[in-house]
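Below, chains carry the letters A, B, ... as their sequence lines are ordered, and counting in each starts from 1.
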2 protein chains.
Amino acid sequence: MISQPRVVSRSTLKRLPLYLHLLEKLMDQGVENISCTQIAQEFDFDPTQVRKDLETTGAVGTARIGFRAATLVVKIKEFLGWDNAHDAFLVGAGNMGKALLGYKDFEKYGLNIVAAFDKDARKVGTRIFNREVLPLAKLPNLAGRMHINIGIVAVPAEYAQGVVDLMVGAGIRAIWNFAPAPLRIPEGVILENARLTQSLAVLTNNLTKVLRK
Amino acid sequence: MISQPRVVSRSTLKRLPLYLHLLEKLMDQGVENISCTQIAQEFDFDPTQVRKDLETTGAVGTARIGFRAATLVVKIKEFLGWDNAHDAFLVGAGNMGKALLGYKDFEKYGLNIVAAFDKDARKVGTRIFNREVLPLAKLPNLAGRMHINIGIVAVPAEYAQGVVDLMVGAGIRAIWNFAPAPLRIPEGVILENARLTQSLAVLTNNLTKVLRK
DNA sequence: TTTATATCGAGAAAATTGTATCGATAAAAT
DNA sequence: ATTTTATCGATACAATTTTCTCGATATAAA
């Protein structure tokens with residue numbers, strides 16, 4: 001088992017889940033082997049690009065056959081860190097927070113939201129999708145005791161930095177941010193922004209261009 | 001007024017909303033002018049990159065002063081098509097659909113979700129954030145009459161393609177997809193995927209790397 | 001008034017990412 | 001058994017994106 005300190009591009013990393021979804025769908029349909037060409041066709045990608053992406057996961061295929069779907073799924077999951085569940089805390093039990101708590105598929109992707117926090121006393125004590133909403137003040141203690149590595153930020157922009165500081169202070173190593181705010185984090189902590197507005201920007205800009213014609 | 005058929009990179013398009021959020025925050029604080037250097041510092045970007053991004057919107061700055069925040073906001077919004085509201089239909093009144101319906105800020109970004117649709121008879125007729133859930137069968141007729149350009153797909157993966165086909169048939173020009181499924185669309189229709197799993201993949205892969213150390 | 005400094009704008013250079021080519025190989029067809 | 005075809009894996013090439021460099025300009029300081 002070789003553990004390479006590979007340099008993976010963000011682009012590759014973002015394509016891998018697409019392949020994974022497709023592979024799972026195809027496996028449900030009984031497909032056993034799949035070629036890069038097929039995958040590429042599905043997404044309108046270049047076959048070589050797909051091959052390179054798969055290469056980074058360490059998967060090997062055979063000529064004329066392609067890759068074994070089952071092996072590929074395992075390899076991609078391993079590579080993404082989706083083979084071992086990561087426990088996560090979520091802060092902000094608003095709409096976005098609720099949607100995330102209700103998103104069943106996260107488990108498949110190795111993410112396990114074990115508790116939700118909110119500073120609003122009215123929300124504290126309620127249950128959302130079978131997880132109790134706890135007071136924010138309890139986060140630091142619990143995060144340490146439960147060895148939580150991932151913190152999900154689903155609060156309004158103005159509170160986001162405060163929540164992040166609390167999380168980082170509690171030893172959380174990775175922040176998944178849904179708030180539209182630039183966040184400051186110390187060296188060594190991972191920050192990933194999941195911003196809908198970025199995606200929306202691409203959509204509306206393209207639409208505007210098309211409509212102008 | 002010059003209407004340039006500019007070639008904008010996706011990357012630039014995705015950074016623009018970040019600048020916009022920051023600008024709005026700074027304007028609230030009374031800031032009138034801002035330099036690319038300042039913006040760059042906030043996000044850890046290269047100042048030149050910020051300057052180039054802003055250039056694509058047609059904004060012009062002055063040496064030693066920077067850009068007028070108010071002008072910049074207008075320019076970015078214009079460029080992204082966020083100055084005129086686009087009406088949108090949403091299909092899928094599940095968790096993700098509800099979260100999107102409850103996301104007040106979309107209005108600020110020129111997106112106005114005017115109706116929600118679902119095929120589940122139990123959901124039809126209920127109201128979510130002040131919008132009635134309508135039967136899916138009514139979508140084509142209504143979309144045409146109301147000149148809807150944007151369709152938001154928030155259904156499980158297996159129904160996504162069917163919903164998209166319905167939308168496209170109803171004259172919808174742009175699809176914002178939240179389902180983890182590859183979608184087929186005809187030439188001329190815009191497809192933008194807003195997939196959380198991609199963002200999650202980047203996060204967990206990085207976290208795995210850090211934890212292995 | 002003169003000098004220093006911050007910033008823009010434009011173009012060149014570097015880095016990254018994506019695409020094309022080609023030999024090797026394994027299965028299928030002849 | 002031989003030829004054909006699909007595919008992998010590696011490498012070279014092209015395009016795109018980011019970063020660097022530099023002259024021009026507007027304000028502030030001396």
Side-chain angles (χ1 to χ4, degrees), chain A residues 2 4-19 22-23 26 31-72 75-76 79 198 201-202 205-206, chain B residues 2 4-19 22-23 26 31-72 75-76 79 198 201-202 205-206:
Chain A
I2 314 135
Q4 328 87 320
R6 286 182 185 284
V7 183
V8 203
S9 80
R10 214 188 140 73
S11 324
T12 293
L13 232 30
K14 288 172 78 176
R15 282 188 296 266
L16 288 175
L18 302 180
Y19 305 154
L22 176 66
L23 287 166
L26 291 175
V31 173
E32 298 208 336
N33 297 301
I34 187 162
S35 72
C36 294
T37 319
Q38 283 174 275
I39 299 178
Q41 264 171 2
E42 201 73 28
F43 297 105
D44 256 314
F45 291 168
D46 188 284
T48 315
Q49 186 177 58
V50 175
R51 221 171 289 137
K52 287 201 170 176
D53 288 340
L54 298 184
E55 200 191 327
T56 63
T57 68
V60 281
T62 45
R64 191 63 212 257
I65 299 277
F67 293 81
R68 245 196 108 58
T71 322
L72 215 42
K75 280 288 185 185
I76 295 177
F79 188 74
Q198 292 194 340
V202 177
N205 174 272
N206 285 335
Chain B
I2 314 135
Q4 328 88 321
R6 283 182 188 285
V7 183
V8 204
S9 80
R10 213 187 140 74
S11 324
T12 293
L13 231 32
K14 288 173 75 175
R15 282 189 296 265
L16 289 175
L18 303 180
Y19 305 154
L22 176 66
L23 288 166
L26 291 175
V31 172
E32 298 207 334
N33 296 302
I34 187 163
S35 73
C36 294
T37 318
Q38 284 174 274
I39 298 178
Q41 264 171 358
E42 201 73 29
F43 297 105
D44 256 314
F45 291 168
D46 188 284
T48 316
Q49 186 177 56
V50 176
R51 218 172 290 137
K52 292 209 162 164
D53 288 340
L54 297 183
E55 201 191 326
T56 63
T57 68
V60 281
T62 44
R64 190 63 211 258
I65 298 276
F67 292 80
R68 245 195 109 59
T71 322
L72 215 41
K75 280 288 184 185
I76 295 177
F79 187 74
Q198 292 195 339
V202 178
N205 175 273
N206 285 334

| said: The criterion is side chain to side chain donor-acceptor pair (under 3.5 Å); which residues satisfy it with S9(B), sequence neighbours excluded? | reply: T12(B)
| said: Heavy-atom nearest nucleotide on DNA chain C for G66(B) versus Q49(A): which residue maps closer to 5'? | reply: G66(B)
| Going by heavy atoms in the side chains, are Y19(A) and L72(A) under 4.5 Å from each other? | no
Quick one: which protein N/O atoms are closer than 3.5 Å to N/O atoms of nucleotides 20-24 of chain C? Pair and distance per line, please.
| from | atom 1 | to | atom 2 | distance (Å) |
| --- | --- | --- | --- | --- |
| dA20(C) | OP2 | D46(A) | OD2 | 3.3 |

| said: Give the residues of residues 36-44 of chain B touching DNA chain C, defined as any heavy atom closer than 4.0 Å, sorted by residue number. | reply: C36(B), T37(B)
Which side-chain N or O atoms in residues 37-49 of chain B pair as donor and acceptor under 3.5 Å with protein atoms at least two apart or in another chain?
| from | atom 1 | to | atom 2 | distance (Å) |
| --- | --- | --- | --- | --- |
| Q38(B) | OE1 | S35(B) | N | 3.0 |
| Q38(B) | OE1 | S35(B) | OG | 3.4 |
| D46(B) | OD1 | T48(B) | N | 2.8 |
| D46(B) | OD1 | T48(B) | OG1 | 3.0 |

| message | Taking the minimum atom-to-atom distance to the side chain of S35(B), which one of dT7(C), dG9(C), dT17(D) wins? | response | dT7(C)
| Side chains of Q198(A) and L18(B): closer than 4.5 Å at any heavy-atom pair? | yes
| message | Categorize F67(B) for me: base, sugar-phosphate, or nothing, with a 4.0 angstrom heavy-atom threshold over every strand shown. | response | sugar-phosphate
| Listed nucleotide nearest any side-chain atom of I65(B), set dT27(D), dT18(D), dG9(C) | dT27(D)
| field | Partner set under side-chain contact (heavy atoms from CB on, under 4.5 Å) for A69(B), not counting sequence neighbours | value | L23(B), M27(B)
| query | Side chains of V50(B) and L54(B): does their closest heavy-atom pair fall under 4.5 Å? | reply | yes
| task | Side chain of R64(A) only, please: which of dT5(C), dA27(C), dT18(D) is the nearest? | result | dA27(C)
| message | Applying salt bridge (charged side-chain N to carboxylate O under 4.0 Å, His left out), can you list everything that pairs with R15(B), at least two apart in sequence or on another chain? | response | D53(B)
| Who passes side chain to side chain donor-acceptor pair (under 3.5 Å) against R10(A), sequence neighbours left out? | E192(A)
